[in-house]
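Treat the numbers as computed from the prediction; the structure is a model and nothing was measured.
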Amino acid sequence: MDKSALKKHTTSEGYTSLITVQNMLPDSDKEIEVEILDEAIDGEIARIKYKTTYEGKTGVFKLVKENDHWKVTNKGSREKGSF
């Protein structure tokens with residue numbers, strides 16, 4: 001796990017959340033592939049619908065524009081997405 005790369009591409013809230021999730025996952029040497037299924041951009045917020053070979057189900061990443069760079073952040077528990 002490259003924490004410096006993760007920190008570079010996430011907001012501080014997103015980083016904390018992703019580290020927590022990654023620490024719960026078992027270690028694996030298996031190559032995980034990510035497929036981008038859809039994307040929606042609304043001003044300074046973007047949502048990316050994806051599927052991984054690890055889970056086999058779809059998920060959504062929320063991104064926000066911070067200093068002209070898109071960064072992964074937390075999605076609120078009751079927040080409605082574009083998909």
Side-chain angles (χ1 to χ4, degrees):
M1 172 180 7
D2 185 349
K3 290 183 179 180
S4 63
L6 184 62
K7 188 173 261 190
K8 179 180 176 182
H9 298 288
T10 58
T11 62
S12 59
E13 301 86 16
Y15 176 80
T16 301
S17 178
L18 288 171
I19 287 295
T20 300
V21 169
Q22 285 188 345
N23 287 336
M24 293 187 312
L25 297 174
D27 288 337
S28 174
D29 291 335
K30 181 180 175 186
E31 185 74 24
I32 299 172
E33 295 179 23
V34 178
E35 178 183 2
I36 304 300
L37 303 172
D38 204 353
E39 62 183 59
I41 300 172
D42 185 14
E44 301 289 306
I45 297 174
R47 289 181 177 78
I48 308 297
K49 186 175 183 180
Y50 68 94
K51 183 169 100 174
T52 68
T53 55
Y54 179 79
E55 292 181 315
K57 61 182 181 176
T58 62
V60 176
F61 272 119
K62 177 182 175 184
L63 295 93
V64 293
K65 206 166 214 183
E66 190 175 275
N67 299 322
D68 289 326
H69 297 281
W70 288 104
K71 294 191 174 189
V72 176
T73 191
N74 284 352
K75 185 177 82 158
S77 60
R78 295 182 183 196
E79 187 176 341
K80 298 285 184 186
S82 304
F83 310 108

Q.
Checking Ile48 against Ile36 for the side chain to side chain contact (heavy atoms under 4.5 Å, CB included) test, could you report, in this order, the C-alpha distance in whole Å, the side-chain angles of both residues, the deciding distance, and whether it holds?
A. CA-CA 7 Å; Ile48 308 297; Ile36 304 300; 3.6 Å; yes
I want to check something: taking the side chain as every heavy atom from C-beta on, are [X] and [Y] in contact at a cut-off of under 4.5 Å?
X: Ile45; Y: Lys62; answer: yes
X: Thr73; Y: Thr10; answer: no
X: Trp70; Y: Ile41; answer: yes
X: Glu66; Y: Lys71; answer: yes
X: Lys3; Y: Ile19; answer: yes

Q: List in chain and number order the residues that pass ring pair (Phe, Tyr, Trp, His ring centres under 6.0 Å) with Tyr15, two or more places apart in sequence or in another chain; answer none if no residue qualifies.
A: none
Q. Within the distance-only criterion (no hydrogens, no angle test), does the side chain of Ser17 pair as donor or acceptor with the backbone N or O of Glu13 below 3.5 angstrom?
A. no
Q. Are more than 12 heavy atoms from other residues, nucleotides or ligands located less than 6.0 Å from atom NZ of Lys65?
A. yes
Q: State plainly whether one hydrophobic cluster holds both Leu37 and Val60, where clusters connect Ile, Leu, Val, Met, Phe, Trp and Tyr through side-chain heavy atoms under 4.5 angstrom apart.
A: no
Return the [atom1] to [atom2] distance between [X] and [Y], rounded to the nearest 0.5 Å.
X: Lys51; Y: Asp38; atom1: NZ; atom2: CG; value: 14.0 Å
X: Leu63; Y: Glu44; atom1: CG; atom2: CD; value: 12.0 Å
X: Thr16; Y: Lys7; atom1: OG1; atom2: NZ; value: 8.0 Å

Q.
Tell me the closest heavy-atom pair linking Glu31 and Thr53, and the distance in Å.
A. O-OG1, 3.9 Å
